[in-house]
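Below you will find the structure I want to go over with you.
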Amino acid sequence: MSIVSAFLVPGSPLPQLRPDIAPWGRLRDALATVGESLAASRPDCVLVYSTQWFAVLDQLWITRPRSTGLHVDENWHEFGEQPFDIHSEPALAQRCIDACNGAGIKTRGVDYDQFPIDTGTITAATLMGFGTSALPMVAAANNLYHSGEQTEQLGAIAAAALHDKRVAVVGIGGLSNSMFRENIDLRKDRYVSENDDAWNRRLLALIEGGDVDAVRAILPEYAEQARPDMGLKHFHWLLGAMGGGFRQAVVHEYAPLYGSGGAVVEFRLQ
């Protein structure tokens with residue numbers, strides 16, 4: 001198996017832009033912690049899927065060796081800018097493209113100056129320390145027409161295409177995805193509802209215990225009750241890359257992000 005470490009992390013920029021807000025600062029610290037774990041696993045590359053990079057017609061992969069720029073999030077622009085300098089590995093991305101096309105998933109690469117890298121990828125790469133020349137990423141888009149099952153297949157295809165490499169895999173996205181639509185006191189951030197919080201905690205407890213069958217069984221009801229980010233496709237991506245299962249997991253942090261739920265999770269594969 002090519003996967004040497006795996007992580008589920010939130011894609012919100014708030015932990016990077018406003019770490020002075022206590023729950024967001026705790027998430028920032030947790031992202032730094034799992035970044036150290038990722039580096040300690042000595043990967044050759046980081047296989048990334050972010051719910052915030054939307055694709056419609058084809059499955060897309062970044063094939064540009066280096067992407068630089070200054071990003072302003074469309075929702076949290078008042079909190080500042082996110083400079084980025086992200087290195088990708090085109091040859092490995094091309095392997096994934098060829099493997100996806102071979103499996104009947106229409107796929108192509110993107111290699112454009114100033115291509116709009118999404119907030120989630122920028123935040124995770126910055127706070128976890130990947131996407132460098134020494135630790136390049138191989139990044140896949142979230143095709144909006146792919147189901148969770150198709151996304152799991154995509155993760156499995158990508159991991160198989162990189163079977164001879166040491167690969168860290170990162171799924172970027174949130175848990176419950178309801179946010180406050182009115183201004184709140186940031187220092188009193190909380191979950192939109194007790195129901196969202198309860199369902200998030202229930203799911204995370206099953207993930208921590210490594211009970212993959214129970215997690216799969218609960219996902220449809222969780223999706224209905226908590227309305228997670230993109231139906232939790234980033235978790236399906238991770239499952240596919242990890243060969244359908246994992247031994248257990250550590251939840252390094254779970255906290256509200258303007259009413260939604262965010263968690264930093266490290267999976268134990270052995």
Side-chain angles (χ1 to χ4, degrees), residues 6-13 45-69 71-76 82 84 86-126 130-131 136-162 167-175 177 219 223 227-242 260:
F7 309 90
L8 185 150
V9 300
S12 170
C45 66
V46 183
L47 189 57
V48 176
Y49 176 95
S50 171
T51 58
Q52 295 182 44
W53 180 17
F54 304 139
V56 178
L57 296 178
D58 301 323
Q59 177 58 46
L60 302 179
W61 295 79
I62 294 177
T63 53
R64 191 169 187 81
R66 186 179 182 188
S67 302
T68 62
H71 178 73
V72 178
D73 183 78
E74 60 271 22
N75 293 312
W76 306 109
Q82 293 177 287
F84 63 93
I86 295 177
H87 294 253
S88 299
E89 182 47 72
L92 298 183
Q94 190 60 51
R95 284 197 203 180
C96 295
I97 292 168
D98 294 342
C100 287
N101 280 321
I105 302 171
K106 194 169 187 301
T107 306
R108 61 189 176 92
V110 292
D111 180 3
Y112 304 104
D113 184 34
Q114 298 301 307
F115 183 81
I117 307 293
D118 69 279
T119 297
T121 298
I122 292 170
T123 302
T126 300
F130 64 81
M137 72 176 188
V138 179
N142 164 24
N143 187 294
L144 297 179
Y145 289 105
H146 287 172
S147 65
E149 291 72 22
Q150 289 170 312
T151 305
E152 187 168 337
Q153 179 191 12
L154 179 69
I157 291 170
L162 304 178
V167 179
V169 60
V170 179
I172 304 169
L175 300 180
N177 202 37
L219 282 178
R227 300 173 298 281
D229 182 11
M230 286 290 160
L232 219 64
K233 287 166 68 174
H234 43 302
F235 178 67
H236 285 280
W237 157 267
L238 287 165
L239 278 177
M242 293 187 294
S260 66

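If you read the sequence from its start, that first residue is 1, and numbering goes on from there.
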Item to complete: Apply salt bridge (Lys or Arg N to Asp or Glu O under 4.0 Å) to D73 and list each qualifying residue two or more places apart in sequence or on a separate chain.
Response: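 D73 satisfies salt bridge (Lys or Arg N to Asp or Glu O under 4.0 Å) with no residue once adjacent residues are dropped.
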Worksheet item: Which heavy atom in V169 sits nearest to a heavy atom in A241, and how many Å separate them?
Response: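 In this case the closest contact between V169 and A241 is CG2-CB, 3.8 Å.
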Discussion item. I'd like to know whether T126 forms a side-chain contact (heavy atoms from CB on, under 4.5 Å) with Q82, so could you lay out the CA-CA distance, the side-chain angles of the two residues, the decisive distance to 0.1 Å, and finally the verdict.
Written reply: CA-CA 9 Å; T126 300; Q82 293 177 287; 5.9 Å; no
Discussion item. Could you work out, with side chain to side chain contact (heavy atoms under 4.5 Å, CB included) as the rule, every residue matching A158, not counting sequence neighbours?
Written reply: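 A158: side chain to side chain contact (heavy atoms under 4.5 Å, CB included) contacts with L47, W61, C96, W237.
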Item to complete: Kindly indicate, with the supporting measurements, whether the criterion side-chain contact (heavy atoms from CB on, under 4.5 Å) is fulfilled by L8 and L238.
Response: CA-CA 8 Å; L8 185 150; L238 287 165; 3.7 Å; yes
Practice prompt. Please name the pair of heavy atoms, one in S12 and one in T123, separated by the smallest distance, quoted to 0.1 Å.
Written response: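 Smallest interatomic distance, heavy atoms only, reads O-CG2, 3.5 Å.
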Worksheet item: Between L154 and C100, what is the shortest heavy-atom contact and its length?
Response: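 Heavy atoms of L154 and C100 come nearest at CD1-SG, 3.3 Å.
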Discussion item. Within the 4.5 Å heavy-atom criterion, are T107 and D58 side-chain neighbours or not?
Written reply: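 The answer is no; the side chains never approach within 4.5 Å.
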Discussion item. According to side chain to side chain donor-acceptor pair (under 3.5 Å), who are the partners of T121, at least two apart in sequence or on a separate chain?
Written reply: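 For T121 the side chain to side chain donor-acceptor pair (under 3.5 Å) partners, ignoring immediate neighbours, are D118.
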Worksheet item: Say you draw a straight line from CD1 of I105 to CD of Q150; how long is it, rounded to the nearest 0.5 Å?
Response: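 Nearest 0.5 Å value for the CD1-CD distance: 7.5 Å.
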Worksheet item: Nearest 0.5 Å, what's the CD1-NE2 distance between I122 and H71?
Response: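 Going from the CD1 atom of I122 to the NE2 atom of H71 covers 4.5 Å.
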Practice prompt. Return the set of residues passing salt bridge (Lys or Arg N to Asp or Glu O under 4.0 Å) with D111 (not counting sequence neighbours), or none when no residue passes.
Written response: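 R64.
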Discussion item. Ignoring hydrogens, what is the shortest heavy-atom contact between L92 and C45? Give both atom names and the distance.
Written reply: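 Result for this residue pair: CD1-SG, 3.8 Å.
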Worksheet item: How would you list, by chain and number, every residue that makes a side chain to side chain donor-acceptor pair (under 3.5 Å) with N101, sequence neighbours excluded?
Response: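 Residues passing side chain to side chain donor-acceptor pair (under 3.5 Å) with N101: none at all.
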Fill in: Minimum heavy-atom distance between T119 and G11, given as atom pair plus value
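Heavy atoms of T119 and G11 come nearest at CG2-O, 3.7 Å.
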Discussion item. Between H234 and S50, is there a side-chain donor-acceptor contact under 3.5 Å, judged purely by atom types and distance?
Written reply: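 Per modelled atom types, S50 and H234 side chains form no pair under 3.5 Å.
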Worksheet entry | ring-ring contact (aromatic ring centres under 6.0 Å, His included) partners of residues 96-123, not counting sequence neighbours, each pair once |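 The answer is W53-F115.
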Practice prompt. List for me each residue that meets side chain to side chain donor-acceptor pair (under 3.5 Å) alongside Q153, sequence neighbours excluded, and say none if there are none.
Written response: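 Once residues adjacent in sequence are excluded, Q153 has no partner under the side chain to side chain donor-acceptor pair (under 3.5 Å) criterion.
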Discussion item. Quick check for you: to the nearest 0.5 Å, what is the distance between R66 atom CZ and D113 atom CG?
Written reply: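 If we round to the nearest 0.5 Å, R66:CZ and D113:CG are 12.0 Å apart.
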Item to complete: Show your reasoning for whether side-chain contact (heavy atoms from CB on, under 4.5 Å) applies to I97 and Q94.
Response: CA-CA 5 Å; I97 292 168; Q94 190 60 51; 3.8 Å; yes
Worksheet entry | Listed partners of S88 passing side chain to side chain contact (heavy atoms under 4.5 Å, CB included), at least two apart |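 Side chain to side chain contact (heavy atoms under 4.5 Å, CB included) list for S88, sorted by chain: I62, M137.
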Fill in: Any residue meeting salt bridge (Lys or Arg N to Asp or Glu O under 4.0 Å) with E152, in chain and number order, not counting sequence neighbours
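E152 satisfies salt bridge (Lys or Arg N to Asp or Glu O under 4.0 Å) with R216 only.
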Practice prompt. Please list all pairs passing the salt bridge (Lys or Arg N to Asp or Glu O under 4.0 Å) test where one or both residues lie in residues 140-151, with sequence neighbours left out.
Written response: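 Passing the test, one end in residues 140-151: no pairs.
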Fill in: Residue pair V138, V48: steps toward the side-chain contact (heavy atoms from CB on, under 4.5 Å) verdict
CA-CA 6 Å; V138 179; V48 176; over 6 Å; no
Discussion item. Taking D229's backbone N and O only, do any of them form a donor-acceptor pair with N177's side chain (distance below 3.5 Å, no angle check)?
Written reply: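 No, because the side chain of N177 does not come within donor-acceptor range (under 3.5 Å) of the backbone of D229.
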Worksheet item: Among all residues two or more places apart in sequence or in another chain, which pass the side chain to side chain contact (heavy atoms under 4.5 Å, CB included) test with N142?
Response: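 Applying side chain to side chain contact (heavy atoms under 4.5 Å, CB included) to N142 gives Y49, T51, F54, L144, M230, K233.
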Worksheet item: How far does CZ of F130 sit from CD1 of I86, to the nearest 0.5 angstrom?
Response: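 Interatomic distance, F130 CZ to I86 CD1, rounded to 0.5 Å: 7.5 Å.
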Discussion item. According to side chain to side chain contact (heavy atoms under 4.5 Å, CB included), who are the partners of A160, at least two apart in sequence or on a separate chain?
Written reply: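 A160 satisfies side chain to side chain contact (heavy atoms under 4.5 Å, CB included) with no other residue.
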